[in-house]
Number of protein chains: 2
Amino acid sequence: MSLATDTTDQPTLYKRIRADIEKRILTGEWPPGHRIPFEHELVARYGCSRMTVNKALSELAQADLIERRRRAGSFVRRPQHQSAVLKIADIRAEITALGRGYGYELIGRKLRAATAADRDRLGVKKAGKVVAITCRHSADNVPFAVEDRLIDLASVPDAATADFSREPPGSWLLHHVPWTEAEHTISAIVADDRTAEALDIAVGAPCLVIDRYTWRSARTITAVRLLYPGDSHRLVARFKGG
Amino acid sequence: MSLATDTTDQPTLYKRIRADIEKRILTGEWPPGHRIPFEHELVARYGCSRMTVNKALSELAQADLIERRRRAGSFVRRPQHQSAVLKIADIRAEITALGRGYGYELIGRKLRAATAADRDRLGVKKAGKVVAITCRHSADNVPFAVEDRLIDLASVPDAATADFSREPPGSWLLHHVPWTEAEHTISAIVADDRTAEALDIAVGAPCLVIDRYTWRSARTITAVRLLYPGDSHRLVARFKGG
DNA sequence: TTGACTTATATGTCTAGACATATAATCGTG
DNA sequence: CACGATTATATGTCTAGACATATAAGTCAA
């Protein structure tokens with residue numbers, strides 16, 4: 001076992017150590033459960049101080065490639081099949097990235113006191129005002145997705161006066177709400193009359209649905225439902241880690 | 001600005017520093033673009049060495065919460081809305097995690113020379129043998145998902161003799177292929193006759209589709225299509241960084 | 001055999017320095 | 001003013017130590 005064979009002069013030593021180990025894991029040479037050389041062994045092999053080796057191993061641990069156990073050593077982790085990175089781009093960015101012309105159209109906008117259904121959807125208890133927005137995104141003048149959004153004015157007061165006739169609410173919020181958490185739920189439905197008309201598809205055609213709930217510091221900001229024609233649109237998720 | 005106010009005795013200092021900064025970012029107190037105090041300022045504030053501060057900041061940089069620029073300082077990064085962690089659990093684990101009884105049923109298994117369609121689906125050029133498997137997963141004896149899988153025997157020769165009548169091919173592969181990359185594509189369709197029967201739903205009902213392509217070192221291993229009843233099943237993705 | 005105690009050891013964290021390096025800011029010159 | 005050279009500075013990496021701490025493994029008694 002010659003760990004330090006790779007002599008491509010990488011910028012720094014700890015990165016080379018990290019890359020060497022990562023390579024062995026990814027090629028399967030060190031399978032899940034395999035014990036990685038102890039820090040003191042790597043120190044001897046690379047002729048460096050323990051902190052340098054420690055930094056390489058810590059980063060691998062942070063990336064969930066290895067697991068470190070006191071007294072026992074460091075071990076290759078089992079691949080985590082269940083976790084993938086799903087890229088859900090901002091719709092405008094997504095469409096322009098495809099080299100197609102982005103179109104936006106505000107269908108409806110209402111400012112109202114929150115109904116019971118609104119409060120349920122936003123997950124808030126107290127009554128308050130909300131903005132309800134319906135709009136459509138299109139690519140090269142072909143309907144791409146319809147959006148049905150609710151914004152809690154208690155969390156985002158500025159939304160009451162914002163002009164959503166030109167700018168999509170998603171973009172507007174992105175620039176006004178600095179940091180959030182969110183939850184996406186993906187499901188499938190068949191198009192009802194209203195959806196079919198908005199997306200210019202047949203009634204009964206499949207639709208991909210993304211429900212997104214966004215909040216900040218445990219405070220709900222917005223709930224949005226996006227409907228895509230199910231046979232045309234695709235969400236792609238790529239990941240590493242078998 | 002009193003950075004070190006939080007005196008909850010966290011296990012270690014660098015973690016406390018990291019948590020303190022993370023909190024300010026997540027609450028929006030330090031919005032995107034904001035310059036974080038210099039290392040030497042944090043050293044003075046926390047009364048520790050620079051390596052301790054550096055470790056905290058390095059981890060925040062690795063997590064893409066901040067960006068570090070030589071000579072300039074460290075800055076809060078803009079949230080990356082488009083990236084979410086989508087949990088797609090192993091079906092068996094998913095069902096048992098719900099506290100429901102897992103059931104598995106092999107519907108069909110064929111070993112054949114790859115047809116043109118097979119090669120296309122697996123993304124391989126050369127002819128070779130493949131195993132085609134159709135099976136069904138159920139929760140408390142209710143159909144949960146149907147699986148339609150193709151395994152490339154050139155990559156996984158053992159699959160030719162594996163017994164898939166008891167163990168789902170997904171689980172089997174998980175234990176035989178140490179590390180892979182994969183790509184998921186999510187879409188929606190309406191159930192055709194065969195699908196409707198397998199899932200015990202009506203023809204024309206919505207279905208959520210996950211196509212998963214798995215490979216290892218640029219070599220395709222398996223292609224699988226999972227069909228879920230679209231109105232019952234939901235994929236949930238949560239993320240931070242909105 | 002089992003459970004409680006002890007010990008050895010690998011990792012976890014930290015220090016007080018050092019030099020390297022990219023680059024923002026400044027200074028000088030045409 | 002524009003542009004190139006210089007300088008100051010914040011981060012990047014690294015060292016040779018130190019003590020803390022969890023725990024695998026061994027020891028011993030009931």
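Excluded from the calculations below are hydrogen atoms, water molecules and symmetry mates; all remaining heavy atoms, backbone and side chain alike, are included. All chains are named by letter (A, B, ...) in the order of the sequence lines, taking the proteins before the strands, and each is independently numbered beginning at 1.
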Taking NZ, NE, NH1 and NH2 as the nitrogens, is one of them in A:Lys15 or A:Glu22 under 4.0 Å from a carboxylate oxygen of the other? no
Using atom OH of A:Tyr14 as one end and atom C1' of C:dA20 as the other, report the distance to the nearest whole Å. 15 Å
For B:Leu65, the option from B:Ile36, B:Ile21, B:Ile25 that meets side-chain contact (heavy atoms from CB on, under 4.5 Å): B:Ile25
Is a donor on one side and an acceptor on the other found under 3.5 Å between the side chain of B:Thr222 and the backbone of B:Leu150? yes
Donor-acceptor pair under 3.5 Å: do we get one between A:Arg71's side chain and the base of D:dA24? yes
Which nucleotide, D:dT15, D:dA18, D:dT13, lies nearest any side-chain atom of A:Arg50? D:dA18
Please state whether the rings of B:Phe164 and B:Trp172 are parallel, tilted or perpendicular, taking 30° and 60° as the class boundaries. perpendicular
Ranking A:Arg69 and A:Ser49 by the position along DNA chain D of their nearest nucleotide, the one closer to 5' is A:Ser49
Quick one: which of C:dT11, C:dA22, D:dT11 gets closest to the side chain of A:Phe38? C:dT11
Could you check how far CG of A:Leu42 sits from C1' of C:dA10, rounded to whole Å? 12 Å
What about B:Arg70: does its side chain form a donor-acceptor pair under 3.5 Å with the base of C:dA22? no
With sugar-phosphate meaning primed atoms plus P, OP1 and OP2, does B:Ser74 contact a base, only sugar-phosphate, or nothing at under 4.0 Å between heavy atoms? sugar-phosphate
Expressed as a whole number of angstroms, how long is the span from B:His40:NE2 to D:dT9:P? 9 Å
Can you tell me how far C1' of D:dG12 sits from CD of B:Glu59, to the nearest Å? 16 Å
Between CZ of B:Phe75 and C1' of C:dA24 the distance, given in whole Å, is 10 Å
